[in-house]
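All remarks here apply to the structure that follows.
Because the structure is a prediction, the values reported are computed rather than measured. Count residues from 1 along the sequence.
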Amino acid sequence: MMHTEVEIERAIQRFERLAGDLGPGAVEVEQTVDLQRVAAVSEAPRAMEAQLLESVKIARAHGRSWNLPTRAAAVVVLFPAR
């Protein structure tokens, strides 16, 4: 569907009016650095567990035996209580 010059001009004017309302002061942005840190830190045990499992798999592939700790034990070993 082709638009007429008038329709296009109206769309341009509407866009410029709406875009004029936007800007840094138009929106209040909440700082979430604390939540981003929580998310990053909470991912660490899963990442460490994945590394542990991969390391054990490689050791076993090279004929070395390794008693794979349970998930809970792996977390305790990697992140002992303070």
* **Nearest-0.5 Å distance that lies between atom CZ in Arg10 and atom OG1 in Thr4** => 7.0 Å

* Structure fact -> Closest non-hydrogen atoms of Glu7 and Met2, given as atom of the first, atom of the second and distance, are OE1-O, 4.4 Å

* Should we say atom CD of Glu5 is surrounded by more than 12 heavy atoms from elsewhere, each under 6.0 Å from it? -> no

* Thinking salt bridges, do Arg46 and Glu43 make one under a 4.0 Å N-O criterion? -> yes

* Supply the atom-to-atom distance Gln36 CD to Gln31 CD, rounded to the nearest 0.5 angstrom. => 8.5 Å

* To do: Starting at OG of Ser55, measure out to CE of Met48 and round the result to the nearest 0.5 Å.
  => 10.5 Å

